[in-house]
Q: 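Let me give you the structure first, and then I'll get to my questions.
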Protein chains: 2
Amino acid sequence: MTIKEVSEKYGITQDTLRFYERSGLIPPVKRTAGGIRDYGPEDLSWVELAVCMRSAGLTVEAISEYVRLSRLGDETFPARLQLLTKQREALLEQKKRIEATLDRLNYKIARYEVAVETGKLTWEPEEPPQSQNK
Amino acid sequence: MTIKEVSEKYGITQDTLRFYERSGLIPPVKRTAGGIRDYGPEDLSWVELAVCMRSAGLTVEAISEYVRLSRLGDETFPARLQLLTKQREALLEQKKRIEATLDRLNYKIARYEVAVETGKLTWEPEEPPQSQNK
DNA sequence: TCTTGACTTGGAGTCAACTCCAGAGACTAT
DNA sequence: ATAGTCTCTGGAGTTGACTCCAAGTCAAGA
């Protein structure tokens with residue numbers, strides 16, 4: 001699979017794919033005799049992993065460290081486990097922050113829906129809802 | 001309230017508070033006769049809003065546009081509603097991406113917990129779980 | 001009043017994550 | 001075999017969001 005096809009498949013640019021490889025976010029990709037990248041199934045699954053992790057906000061550094069450890073062999077299982085656990089923790093926290101912000105947005109949106117109808121905002125212009133859900 | 005107190009209260013630096021004000025992420029803060037910032041309750045609630053929205057990943061541009069509209073008066077209710085709705089959409093999508101990534105992390109973590117015990121990874125080294133939850 | 005420390009501004013610097021570019025080599029259809 | 005299109009590399013440039021700095025102002029205690 002050419003870099004063009006891969007970039008289209010995953011919705012990232014060719015430059016980004018090369019950048020990911022240079023940064024160690026994915027291991028070196030197989031090449032043709034002429035030196036052109038030829039992504040195989042294994043390469044693709046690394047790309048897919050990288051795209052997924054990046055889309056959630058993991059840093060390039062964290063992902064490339066995981067890839068580095070993976071290529072080092074079985075002795076790095078504990079290190080990899082620790083890394084993944086830490087990243088999960090970070091994502092759970094980010095998810096909480098997003099949920100808290102969604103609560104506030106929902107509250108504000110509800111008020112503005114009324115405001116657009118009636119022409120005026122209810123209560124004070126700024127006042128958080130102190131949500132307590134979950 | 002001084003800028004130092006506010007920065008401690010919300011866990012951001014004084015420089016960031018000044019940057020937020022310069023960028024229009026919060027409206028201009030009240031000043032003392034000598035030109036020193038003196039945050040009142042209203043200022044604080046803007047700061048709180050900005051910190052919350054930023055922590056969820058809204059851009060400085062989006063938040064400052066909301067603040068700009070807010071200071072323009074009642075005719076901007078529809079524009080504000082539209083802006084908030086769009087940001088909510090973006091956050092819901094980001095939340096989904098995080099949840100998908102959490103699924104993968106959980107899958108991998110479970111495998112590594114076994115691997116650390118047994119000394120070997122089960123199944124193929126790379127293979128997504130194809131989660132289908134929710 | 002003097003000193004010490006917090007606060008001010010405008011502007012420059014940093015960092016992560018791309019994004020773009022030039023010049024050269026590879027492949028494809030005629 | 002030549003035009004036209006991809007792809008390559010190394011390196012420079014961009015963007016967003018801070019972060020730091022210098023030089024000066026302000027304020028509270030001895």
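These figures come from a predicted structure and were not determined experimentally. Order of the sequence lines sets the chain letters (A, B, ...), proteins ahead of strands, with each chain counted from 1.
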Q: Expressed in angstrom and rounded to an integer, what is the separation of B:Arg31 atom CZ from C:dA6 atom P?
A: 19 Å
Q: How many whole angstroms separate atom CG of B:Leu17 from atom P of C:dT9?
A: 12 Å
Q: If the condition is side chain to side chain donor-acceptor pair (under 3.5 Å), which residues does B:Arg71 pass it with, not counting sequence neighbours?
A: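 Once residues adjacent in sequence are excluded, B:Arg71 has no partner under the side chain to side chain donor-acceptor pair (under 3.5 Å) criterion.
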Q: Counting just side-chain N and O atoms, does A:Arg37 come under 4.0 Å of either OP1 or OP2 of D:dT9?
A: yes
Q: Please compare B:Leu58 and A:Arg18 by the position of their nearest nucleotide in DNA chain D and report the one closer to 5'.
A: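 Comparing both residues, the 5'-ward one is A:Arg18.
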Q: Would you kindly give the OH-to-C1' distance between A:Tyr10 and C:dC18, to the nearest whole Å?
A: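 Taking atom C1' of C:dC18 as the reference, OH of A:Tyr10 is at 20 Å.
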Q: Salt bridge or not for A:Glu65 and A:Arg68, using N-O below 4.0 Å?
A: yes
Q: Send over the distance from B:Phe19 CZ to C:dT9 P, rounded to a whole Å.
A: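 In whole Å, C:dT9 P lies 15 Å from B:Phe19 CZ.
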Q: Measure from the side-chain N and O atoms of A:Glu21 to the backbone N and O of A:Val29, and report whether any donor-acceptor pair falls under 3.5 Å.
A: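 At least one qualifying donor-acceptor pair exists.
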Q: Rounding to an integer number of Å, can you tell me how far B:Ile3 CD1 sits from D:dC26 C1'?
A: 15 Å
Q: For D:dC18, does OP1 or OP2 lie under 4.0 Å from any side-chain N or O of B:Arg54?
A: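 Checking D:dC18 against B:Arg54, a side-chain N or O does come within under 4.0 Å of OP1 or OP2.
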Q: Please answer whether the main-chain N or O of B:Ile12 pairs with a side-chain N or O of B:Thr16 as donor and acceptor at a distance below 3.5 Å.
A: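 A pair under 3.5 Å: no.
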Q: Strictly below 4.0 Å: does B:Thr16 bring a side-chain N or O up to OP1 or OP2 of D:dA17?
A: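 So the side-chain polar atoms of B:Thr16 never come under 4.0 Å of the phosphate oxygens OP1 or OP2 of D:dA17.
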Q: With a 4.0 Å cut-off on heavy atoms, is A:Ser23 in touch with a base, just the backbone sugar-phosphate, or nothing at all?
A: nothing
Q: Roughly how many Å is it from CD1 in B:Ile63 to P in D:dG16, rounded to a whole number?
A: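 It works out to 14 Å between those atoms.
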Q: Judged by each residue's nearest nucleotide on DNA chain C, which is more toward the 5′ side, A:Thr13 or B:Gly35?
A: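 Whichever sits nearer the 5' end wins; that is B:Gly35.
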Q: If you assign each of A:Thr32 and A:Asp15 to its closest nucleotide in DNA chain C, which residue comes earlier from the 5' end?
A: A:Asp15
Q: OH of B:Tyr39 versus C1' of C:dA6: gap in Å, rounded?
A: 14 Å
Q: Here's a test of your reading of the structure: between A:Ile36 and A:Arg22, which maps to the more 5' nucleotide of DNA chain D?
A: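 Comparing both residues, the 5'-ward one is A:Ile36.
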Q: When the distance from CD1 of A:Ile26 to P of C:dC18 is rounded to whole Å, what number comes out?
A: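 So the two atoms are 12 Å apart, to the nearest Å.
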Q: Establish, with yes or no, whether the OP1 or OP2 oxygen of D:dA17 is under 4.0 angstrom from a side-chain nitrogen or oxygen of B:Tyr20.
A: no
Q: Within the 4.5 Å heavy-atom criterion, are A:Glu48 and B:Arg104 side-chain neighbours or not?
A: yes
Q: Please determine whether a side-chain nitrogen or oxygen atom of A:Gln14 lies at a distance below 4.0 Å from atom OP1 or OP2 of D:dT7.
A: yes
